[in-house]
Amino acid sequence: MNTLPSRDTSLRILLFIAVVSAIVYLLPRSGENHYIYEENRPWSYALLTAPFDIPIHLDSVSAAKVKDSIDANFEPVFTRDLALEKTIISDYTTRLNAATNLDISPAQRNLIIKEIRQVYDNGIVDRDTYAKISSGQLPSVRFIHDNVAMSMPTTNYLSAFRAYEHLDSVLRTREVHEALSATHLSEVLQPNILIDTINSRRLLDEAYQKAMAPVGVIQQGERIIDKGDIVTTRLATVLRTYEELANERGNSTISQHYYPIAGQILYLIIIFGALYGYLYIFRRDYYDDNRTVLFLMSLIGLFTLFAFAMQATFKTGLYITPFTMVPILVLIFLDSRTAYFCHLIQVLICAIVASFALEFIFLQFIAGVVAIDSLKDLTRRSQLIRTAAFILVAYSLCYVAIEIMQAGSLAKTEGRIFGCFAINAILISFSYVLMFLVERIFGFTSRVTLVELSDINNPLLRELSEECPGTFNHSMAVSNLASAAANRIGANVQLVRTGSLYHDIGKIKNPAFYTENQHGVNPHDALDPIQSARIVTGHVREGLAMAEKAKLPQVIRNFISEHHGAGKARYFYTIYRNAHPGEVIDESAFSYPGPNPQSKETSILMMADSVEAASRSMPDHSPEAISALVNKIIDGQIAEGLHNDSPISFRDVQAIKEVFAQRLRTMYHSRISYPELKKDSTPAPAVIEQAPAAREIQPAETTPLITEKSADETTTDTNSTNP
């Protein structure tokens with residue numbers, strides 16, 4: 001059995017370079033943070049020592065408490081606008097004196113001005129400031145005079161509204177009240193005690209700086225943190241200070257703890273090189289198929305970039321990213337071992353940006369194994385939902401295990417992480433949608449599609465059963481025979497089962513020319529063997545045309561074109577050759593268009609098709625005769641070279657022979673004959689005579705069923721499929 005020839009490698013090389021370049025280019029990196037860590041978690045890097053003196057500041061919690069205390073006790077700076085105060089009093093005095101319709105005396109006028117001046121002497125502030133004063137938040141304020149700050153109580157300060165109420169309560173006479181209203185005093189009153197935002201901000205910052213002054217120093221060469229140490233709040237503050245100073249100084253000594261571009265490129269080359277090596281050594285058929293390589297590289301590359309985007313957008317983005325979609329899709333279209341390898345490749349790539357690489361790899365490794373093990377054969381949508389539930393449970397258990405191992409309890413588990421796992425499981429269920437997109441883009445065929453196509457209510461199969469019932473029964477028998485053999489040797493069982501159902505659909509065009517559909521009349525009797533051979537071999541071309549019209553996947557069309565390979569319609573070839581001895585025969589007139597089987601699955605179909613058809617014409621169905629028939633047909637195909645292009649092995653062929661022989665023995669096993677009921681002269685029991693009505697409804701005696709002899713028995717050549 002020959003191995004497929006190596007194809008052009010240029011696309012694979014370009015694809016390799018493109019994916020590595022895209023990942024390196026879009027890999028999250030920051031010029032400010034050289035380390036990825038979380039508080040109350042172990043430090044995942046090597047020992048870190050101070051390359052220079054590092055001041056120790058208060059941690060964020062302590063700093064927040066100090067700032068809150070400063071804010072609570074801080075006296076803001078205010079200023080008194082004397083010019084505004086004089087202007088307001090002067091303008092209102094003029095307005096009051098100019099009002100001629102007021103029924104007040106000069107003494108009352110002077111009293112009004114006096115009280116207004118007194119209110120301004122006490123101070124009028126804006127509404128917000130008065131609210132703080134009323135709530136007790138601002139018992140005093142500061143005034144700066146000649147660079148000297150003086151604290152003043154705010155007890156007598158009023159807002160403009162409260163100042164008007166005060167005047168209204170002090171000036172009690174009716175005439176004065178009418179005068180205040182007529183002169184619109186409420187519109188005149190404005191604050192004269194104003195906040196000085198510039199000086200207040202300056203003094204507050206100075207207070208912050210004094211309070212935030214370093215409380216210690218880590219000297220150069222001193223240990224900061226070592227691998228495995230818990231990142232406390234204090235250490236997190238020290239690390240932030242260290243990174244800020246390192247960025248300011250442009251220090252390069254910490255680059256060894258980061259992934260520089262050169263290291264990233266080498267890392268990805270090694271990772272994808274391992275993938276290419278796996279495909280070349282263990283899955284050479286995948287490696288030689290540029291479409292498959294494109295699918296795998298695109299899938300890993302796109303999901304990796306998606307994971308980077310999620311990590312950059314959300315703090316827990318990697319927990320939300322459905323990494324198990326990659327092994328699920330690869331499992332659906334390829335195989336479980338490749339699915340596991342691709343999943344491992346992607347996890348190792350994304351571990352670059354994970355805060356805790358070991359935990360991340362552990363979580364994703366278990367989730368990938370659960371996804372692959374729980375989804376061996378995807379035939380129903382509900383299986384994806386079940387798999388998503390299993391993955392959710394696996395994530396949760398792994399997270400709990402890590403927390404217990406590191407923290408010794410579940411006290412520090414975060415509910416939001418479980419929420420992220422739930423979102424992850426929901427996203428996994430959308431693999432069903434991606435599956436159809438992959439089918440359309442890359443031309444693959446999933447097991448779900450194969451199951452749908454194998455439904456006998458499919459229009460094409462229904463037409464086959466109606467127009468060619470004999471061919472339909474033959475296809476069903478071949479499907480069962482071939483799928484059993486495929487299961488034995490580890491081939492794609494669902495693909496073989498579905499392809500077998502469609503392999504003879506071309507016979508729909510001329511059903512009467514095939515013996516399984518004939519009923520006594522054989523139209524070939526009136527035709528020349530060459531014409532008959534042309535009609536019989538033409539069912540392959542007719543089938544391909546019908547498959548293309550019905551938009552059947554290419555993998556199904558391969559069964560139609562390869563189930564006879566480039567073999568001959570040997571029945572008509574032998575008749576013609578016997579009738580024309582010594583004549584040079586154009587064998588192409590009797591040959592099928594081919595090609596020969598290119599896969600294990602189509603090889604199995606070719607064997608099953610010939611064996612099942614030939615078994616119908618056997619006069620003797622003993623185990624020995626069946627085994628001899630199976631060996632004769634399959635060995636003849638191998639001798640003719642029909643399976644040379646298939647990757648099937650001789651061990652597979654031997655296993656297939658055993659399955660065929662066992663199945664045919666089961667199909668044609670002898671049955672015991674039913675005894676006939678002898679007529680008894682003894683009168684029937686009285687109870688029967690008393691129920692004549694019951695006898696009237698009994699059916700008449702039926703004759704035994706007679707099975708017609710198959711039309712295939714007219715052909716004695718068992719070395720090829722009958723016409």
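Position 1 is the first residue of the sequence, and the numbers go up from there.
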Trace of the salt bridge (charged side-chain N to carboxylate O under 4.0 Å, His left out) decision for R488 with D652
CA-CA 8 Å; R488 172 69 67 86; D652 293 336; over 6 Å; no

Could you give me the CA-CA distance, side-chain angles and deciding distance for N457 and L461, then say whether side chain to side chain contact (heavy atoms under 4.5 Å, CB included) is met?
CA-CA 7 Å; N457 291 316; L461 294 180; over 6 Å; no

Test ring pair (Phe, Tyr, Trp, His ring centres under 6.0 Å) on Y276 and F272; report intermediate values, then the result.
CA-CA 6 Å; Y276 270 45; F272 284 110; 7.8 Å; no

Using side chain to side chain contact (heavy atoms under 4.5 Å, CB included), reason through L334 and F295 one step at a time and then give a plain yes or no.
CA-CA 10 Å; L334 299 178; F295 164 66; 4.2 Å; yes

Tell me, with the steps shown, if Y399 and F418 meet ring pair (Phe, Tyr, Trp, His ring centres under 6.0 Å).
CA-CA 9 Å; Y399 175 65; F418 293 101; 5.4 Å; yes

For M476 and L501, run side chain to side chain contact (heavy atoms under 4.5 Å, CB included): C-alpha distance rounded to whole Å, both residues' side-chain angles, the deciding distance at 0.1 Å, then the answer.
CA-CA 6 Å; M476 292 289 290; L501 293 176; 3.5 Å; yes

Show your working on side-chain hydrogen bond (donor to acceptor under 3.5 Å, both in side chains) between S446 and E439 and close with a plain yes or no.
CA-CA 7 Å; S446 67; E439 285 186 322; 2.8 Å; yes

Do R284 and L279 pass the side chain to side chain contact (heavy atoms under 4.5 Å, CB included) test, and can you show the C-alpha distance, the side-chain angles, and the key distance before you say yes or no?
CA-CA 6 Å; R284 188 60 181 271; L279 295 176; over 6 Å; no

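Of all heavy-atom pairs spanning C342 and L296, the tightest one is SG-CD2, 3.7 Å. When all heavy atoms are compared, the tightest approach of A422 to L392 is N-CD1, 3.7 Å. Residues L605 and S500 share a closest heavy-atom pair of CD1-OG, 3.4 Å. In plain terms, the two heavy atoms of L384 and S429 that are nearest each other are CD1-O, 4.1 Å. Taking both residues in full, the closest heavy atoms of F308 and L26 are given as CD1-O, 3.8 Å, listed atom of the first, atom of the second, then distance. Counting all heavy atoms, side chain and backbone alike, C350 lies closest to A307 at SG-CB, 3.9 Å.
From I224, atom CD1 reaches atom CG of L235 across 9.0 Å, with rounding to the nearest 0.5 Å. For the atom pair I328 CD1 and S374 OG, the distance stands at 7.0 Å (nearest 0.5 Å). Taken from OH in Y286 to CG in D335, the straight-line distance is 4.0 Å, to the nearest 0.5 Å. In this structure, the separation between CZ on F472 and CD1 on I508 is 10.5 Å, given to the nearest 0.5 Å. Taking OG1 of T602 as the reference point, atom CG of N596 lies at 9.5 Å (rounded to 0.5 Å). Rounding to the nearest 0.5 angstrom, the gap separating the CG atom in D504 from the CD atom in E542 is 13.0 Å.
Under the 6.0 Å distance and 45° angle rule, R12 counts as a cation-pi partner of Y287.
The shortest side-chain heavy-atom distance between S454 and L450 does not fall under the 4.5 Å cut-off. You'll find the side chain of L552 reaches within 4.5 Å of the side chain of L460, heavy atoms only. Between M435 and V448 there is a side-chain heavy-atom pair separated by less than 4.5 Å. In this structure, F444 and T292 have side chains that are in contact, with non-hydrogen atoms separated by less than 4.5 Å. At a threshold of 4.5 Å between non-hydrogen side-chain atoms, the residues S336 and F341 do not count as touching. Considering only heavy atoms from C-beta on, I349 comes within 4.5 Å of L268 through its side chain. When side chains are defined from C-beta on, F430 counts as touching M325, because their heavy atoms get closer than 4.5 Å. Residues V370 and T324 have side chains not in contact (no heavy-atom distance under 4.5 Å, counting atoms from C-beta outward).
Within a 6.0 Å sphere centred on CG of L358, heavy atoms belonging to other residues, nucleotides or ligands number 12 at most. Atom CD of E548 has 12 or fewer heavy atoms from other residues, nucleotides or ligands within 6.0 Å. More than 12 heavy atoms of other residues, nucleotides or ligands lie within 6.0 Å of CZ in F442, so this atom counts as buried by the packing criterion.
R651 meets the side-chain hydrogen bond (donor to acceptor under 3.5 Å, both in side chains) test with no other residue; sequence neighbours excluded.
When each of L363, V326, T304, I361 is tested with V347 by the rule side chain to side chain contact (heavy atoms under 4.5 Å, CB included), just one qualifies, namely I361. With S603 as reference, H643 is the one residue of Q598, H563, H643, E562 to meet the side-chain hydrogen bond (donor to acceptor under 3.5 Å, both in side chains) rule. For the side chain to side chain contact (heavy atoms under 4.5 Å, CB included) with Q264, the qualifying choice from V24, I23, I269 is V24, the only one to do so.
Below 30°, between 30° and 60°, or above 60°: for Y592 and H564 the angle between ring planes is below 30°, a parallel geometry. Below 30°, between 30° and 60°, or above 60°: for Y395 and F421 the angle between ring planes is below 30°, a parallel geometry.
The ring of F559 has its center no closer than 6.0 angstrom to the ring center of Y502. Residues F303 and F323 place their aromatic rings such that the two centres sit no closer than 6.0 Å.
Checked by atom type and distance alone, the side chain of Y340 never pairs as donor or acceptor with a backbone atom of P327 at under 3.5 Å. At distances below 3.5 Å, at least one donor-acceptor pair connects side-chain atoms of S21 with backbone N or O atoms of I17. The main-chain N or O of L495 is never found under 3.5 Å from a side-chain atom of E601 such that the two would form a donor-acceptor pair. Checking side-chain atoms of S431 against main-chain N and O of I428 turns up a donor-acceptor pair under 3.5 Å.
Side-chain atoms of T498 and Q494 include a donor-acceptor pair closer than 3.5 Å. H343 and Q364 share no side-chain donor-acceptor pair at under 3.5 Å.
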